Asks: 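Structure below; questions to follow.
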Amino acid sequence: MSPGRHIPALDGIRGFAALLVVFCHFRTFGYPELLHPRAGDYGVLLFFTLSGFLMGHLYLPRSPDRDALASYAAARIARIVPLYACVSLLSFLIYRFVYADFIYPIGLIELVRQGTFTSTVSVFWSIGPEFQFYFLFPAIWAATYAKQPLRGWLYLAIGVIIAICYVTSPWLPGIFALAKMHIFMTGIVCAVLVRKIPEARMVRLFAPLLLFTGLFFWMLIAPPLSARAWIFPPVTDDPKHIIYYADPLKIAACALVIIGATIRHPLNNILWGNKVMRRLGAYSFSLYLLHMPVLQLVRLAGARLHLNMPEQILCAIILSLAVAGLSHELFERPVGNWSRRKLSDVFNGRNRRQLMPQAAESRSS
C-alpha cells in the first residue's frame with residue numbers, strides 16, 4: 001500500500017461507528033431502543049482503533065524531523081480543539097444560564113476538566129484519551145527511526161509499558177490514554193501490517209474479511225437472542241466497561257474490520273467509500289459531539305408539538321445529520337484548516353506551511 005494514501009472506505013467505517021453511538025443513545029431520552037445501548041461501546045472501539053491505524057498509516061512512513069513533528073502537532077490540535085472547545089463552552093453557558101437539565105451538565109469545575117481533556121461528561125469522556133494519545137504517539141514514531149540496537153530496546157520498552165497499561169487498565173482512570181493504549185497500539189500494528197503485506201496477498205484476504213465485517217456489523221445491529229448476552233455483556237458492576245475495552249476478541253474484531261476496509265477492491269468503494277458514507281465519515285466528529293443535545297431538543301419539542309414516537313425519531317435522525325453537516329461545513333472544517341495553517345506557522349517558526357496529506361488526515365480523529 002502507498003504510504004499515506006487516502007483510503008475512502010475508512011471514511012465510511014468512521015461514519016458507521018458514529019451511527020452506532022448515535023442510535024444507542026436514543027433510549028437515554030425515552031425513545032424505543034433502536035440499538036442495544038452497548039453498541040456504542042463498539043463504535044468507540046472502532047474510533048480508537050481507527051485513530052491508531054491512521055497515525056501509523058499517515059506518519060510512520062515519514063521521518064519524524066522538525067517539520068514533520070510541527071505538521072503533526074498542528075494537524076492534531078486543529079482537528080480536535082476548535083469544535084471541542086466551542087461545544088464545551090456553549091454547553092457551559094446553556095447549562096449555567098439557560099437550562100439546568102441540559103444533557104451536558106458542564107459547570108465551572110467541569111469546564112476546567114473539559115479544558116484539560118479529563119472530562120467524564122457524556123460523550124466527552126472518549127475525546128480525552130484520544131487527544132492524550134496524540135502526545136504519546138511521537139515517542140512510538142521516534143522509536144521506529146532509532147538506530148539499532150537502540151530501536152530494538154525501545155520496541156521492547158514500549159511493548160512492556162503497553163502490556164503493563166493493559167494489565168492495570170481496570171484500575172486506571174478510563175479517561176486517560178494509558179488505559180486505552182492497547183487499543184491505539186492495535187491500530188498502529190494494523191497500519192504496519194497493511195504496509196508490509198503485498199497488495200496481491202491483501203486482495204486474496206478481501207472476501208473473508210468482507211464476510212467477517214458483514215457478520216460482525218449484523219450481530220451489532222440485530223443480534224440473535226442466543227448470542228445477545230455474549231455480544232453485549234452487562235456492565236452493571238463494570239462502570240469503566242472493561243469487558244468491552246479490554247476484551248482482546250472485541251478489539252481484534254474491530255482491527256479486522258479496519259484491515260478489510262484498506263484493501264483496494266471495488267466492493268469496498270461501493271459499500272464504504274461511496275459519497276454518502278464518506279460524507280457521513282466527514283461529519284462524524286460533529287455528529288458525535290452534537291447528537292445528544294439534538295435528541296434532547298427533539299424529545300422536548302416533540303412532546304409539545306404532539307408528535308408521535310416515529311415522527312420524533314425521524315425528526316431526531318434528520319436534524320442530527322443536518323446539524324452535524326452544518327457544523328462541519330460552517331465551523332469544523334474552515335476553522336480547523338485556518339487553525340492548522342496558523343499553528344503550522346508557529347511550530348515551524350517561519351511563515352510557511354508543510355502539511356501532511358490533507359485528504360486522509362482531515363478524517364482522522
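Note that the coordinates shown come from a computational prediction; the quantities given were computed from them, not determined experimentally.
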Asks: Go through the steps to decide whether C165 and H182 satisfy the test side chain to side chain contact (heavy atoms under 4.5 Å, CB included), and finish with yes or no.
Replies: CA-CA 8 Å; C165 289; H182 55 285; 5.9 Å; no
Asks: Centroid-to-centroid, F137 to F184, below 6.0 Å?
Replies: no
Asks: Between the side chains of Y288 and S126, is a donor N or O closer than 3.5 angstrom to an acceptor N or O?
Replies: yes
Asks: Using modelled atom types and a 3.5 Å cut-off, is there a donor and acceptor pairing between side-chain atoms of K180 and backbone atoms of Y245?
Replies: no
Asks: Is it the case that one hydrophobic cluster holds both I197 and I7, taking links as side-chain heavy atoms less than 4.5 Å apart, direct or via other members?
Replies: yes
Asks: Could R14 and F47 be counted as a cation-pi pair, given that NZ or CZ must be under 6.0 Å from the ring centre and within 45° of the axis?
Replies: no
Asks: Closer than 3.5 angstrom, by distance alone: can the side chain of Q296 be matched with the main-chain N or O of D101 as a donor-acceptor pair?
Replies: yes
Asks: Find out if a path of hydrophobic residues (ILVMFWY) with successive side-chain heavy-atom gaps under 4.5 Å connects L193 to Y155.
Replies: no
Asks: Check A39 against L20 and note the closest heavy-atom contact, atom names and distance.
Replies: O-CB, 3.9 Å
Asks: To the nearest 0.5 Å, how far apart are CG in L307 and CD1 in I313?
Replies: 11.5 Å
Asks: Applying side chain to side chain contact (heavy atoms under 4.5 Å, CB included) between H291 and each of V123, L319, I317, V323, report the one that passes.
Replies: V123
Asks: Measuring from atom CG of D237 to atom CD1 of I242, what distance do you get when rounded to the nearest 0.5 angstrom?
Replies: 13.5 Å
Asks: Measure the acute angle between the ring planes of Y134 and F131, then classify it against the limits of 30° and 60° as parallel, tilted or perpendicular.
Replies: perpendicular
Asks: Could you give the distance from CD1 (I251) to OH (Y244), rounded to the nearest 0.5 Å?
Replies: 13.5 Å
Asks: Any side-chain heavy atom of R204 within less than 4.5 Å of one from P198?
Replies: no
Asks: Under the criterion side chain to side chain contact (heavy atoms under 4.5 Å, CB included), I'd like the reasoning laid out for I140 against M181: C-alpha separation, chi angles, the key distance, then a yes or no.
Replies: CA-CA 12 Å; I140 300 171; M181 275 303 295; 4.2 Å; yes
Asks: Against S286, only a single residue in L326, L321, V87, L83 fulfils side chain to side chain contact (heavy atoms under 4.5 Å, CB included); can you say which?
Replies: L83
Asks: Do the ring planes of F53 and H57 sit parallel (below 30°), tilted (30 to 60°) or perpendicular (above 60°)?
Replies: parallel
Asks: Indicate whether the side chain of S327 and that of E332 have a donor and an acceptor atom separated by less than 3.5 Å.
Replies: no
Asks: I need the minimum non-hydrogen distance between F133 and M55, along with the two atoms involved.
Replies: CE2-CG, 3.6 Å
Asks: Give the intermediate values and the outcome of side chain to side chain contact (heavy atoms under 4.5 Å, CB included) for residues L209 and V257.
Replies: CA-CA 7 Å; L209 287 175; V257 167; over 6 Å; no
Asks: How far apart are the closest heavy atoms of N268 and A9, and which atoms are they?
Replies: O-CB, 4.0 Å
Asks: Return the minimal non-hydrogen interatomic distance between L289 and Y84, and the atom names on each side.
Replies: CD1-CA, 4.1 Å
Asks: I need the F347 CZ to I77 CD1 distance, nearest 0.5 Å.
Replies: 4.0 Å
Asks: Indicate yes or no: at least one non-hydrogen side-chain atom of T213 is less than 4.5 angstrom from one of W272.
Replies: yes
Asks: Sub-3.5 Å donor-acceptor pair from the side chain of H25 to the main-chain atoms of V21, do we have one?
Replies: yes
Asks: Would you call R279 and E329 a salt bridge, taking side-chain N to carboxylate O under 4.0 Å as the test?
Replies: yes
Asks: Please evaluate residues Y42 and F232 with respect to the criterion side chain to side chain contact (heavy atoms under 4.5 Å, CB included), reporting the C-alpha separation (whole Å), side-chain torsions for both, the decisive distance (0.1 Å), and the verdict.
Replies: CA-CA 10 Å; Y42 285 96; F232 298 116; 3.7 Å; yes
Asks: Do I231 and H36 make a side-chain contact, defined as non-hydrogen atoms from C-beta onward lying under 4.5 Å apart?
Replies: no
Asks: Is there side-chain contact between M202 and F206, with heavy atoms separated by less than 4.5 Å?
Replies: no
Asks: Is there a side-chain contact between R113 and T120 (heavy atoms, below 4.5 Å)?
Replies: yes
Asks: Check whether any side-chain N or O of E33 sits under 3.5 Å from a backbone N or O of P37 as a donor-acceptor pair, and report yes or no.
Replies: no
Asks: For the side chain of S119 and the backbone of V121, is there at least one donor-acceptor N/O pair under 3.5 Å apart?
Replies: yes
Asks: Is a side-chain donor or acceptor of T262 paired with a backbone partner of I259 at a separation under 3.5 angstrom?
Replies: yes
Asks: Hey, could you give me the CG/CZ distance between L93 and F97, rounded to the nearest 0.5 Å?
Replies: 6.5 Å
Asks: With heavy-atom distances below 4.5 Å as the criterion, would you say the side chains of R278 and N274 are in contact?
Replies: no
Asks: Kindly assign one of parallel, tilted or perpendicular to the pair Y59 and W141, based on the angle between their ring planes and the thresholds 30° and 60°.
Replies: tilted
Asks: Are M292 and L300 linked, directly or through other ILVMFWY residues, by side chains that come within less than 4.5 angstrom of each other?
Replies: yes
Asks: Between Y166 (side chain) and A246 (backbone), is there a donor-acceptor pair under 3.5 Å?
Replies: yes
Asks: Between R340 and A75, is there a donor-acceptor pair closer than 3.5 Å when you use the side chain of the first and the backbone of the second?
Replies: no
Asks: Looking at side-chain heavy atoms only, is the closest gap between I127 and F285 below 4.5 Å?
Replies: yes
Asks: Report yes if the side chains of V98 and I94 come closer than 4.5 Å at any heavy-atom pair, otherwise no.
Replies: yes
Asks: Are the aromatic ring centres of F26 and Y31 under 6.0 angstrom apart?
Replies: yes
Asks: Would you name the heavy atoms of I258 and L46 that are closest together and state the gap between them?
Replies: CD1-O, 4.1 Å
Asks: Once the angle between the rings of H328 and Y283 is folded into 0 to 90°, is it parallel (under 30°), tilted (30 to 60°) or perpendicular (over 60°)?
Replies: tilted
Asks: Say you draw a straight line from CG of L19 to CZ of F217; how long is it, rounded to the nearest 0.5 Å?
Replies: 10.5 Å
Asks: Kindly say whether G281 contributes a backbone atom to a donor-acceptor pair with the side chain of S284 at under 3.5 angstrom?
Replies: yes
Asks: Would a line drawn from the ring center of Y104 to the ring center of F124 be shorter than 6.0 Å?
Replies: yes
Asks: Do I318 and L280 belong together in a cluster built from hydrophobic side chains that touch within less than 4.5 Å?
Replies: no
Asks: Determine whether a donor-acceptor pair (N or O, by modelled atom type, separation under 3.5 Å) exists between the side chain of R299 and the backbone of F29.
Replies: yes
Asks: Going only through I, L, V, M, F, W and Y residues with side-chain contacts under 4.5 Å, is there a path from W218 to L211?
Replies: no
Asks: Apart from L154 itself, what residues make up its hydrophobic cluster when side-chain heavy atoms of I, L, V, M, F, W and Y under 4.5 Å apart count as a link, directly or indirectly?
Replies: L150
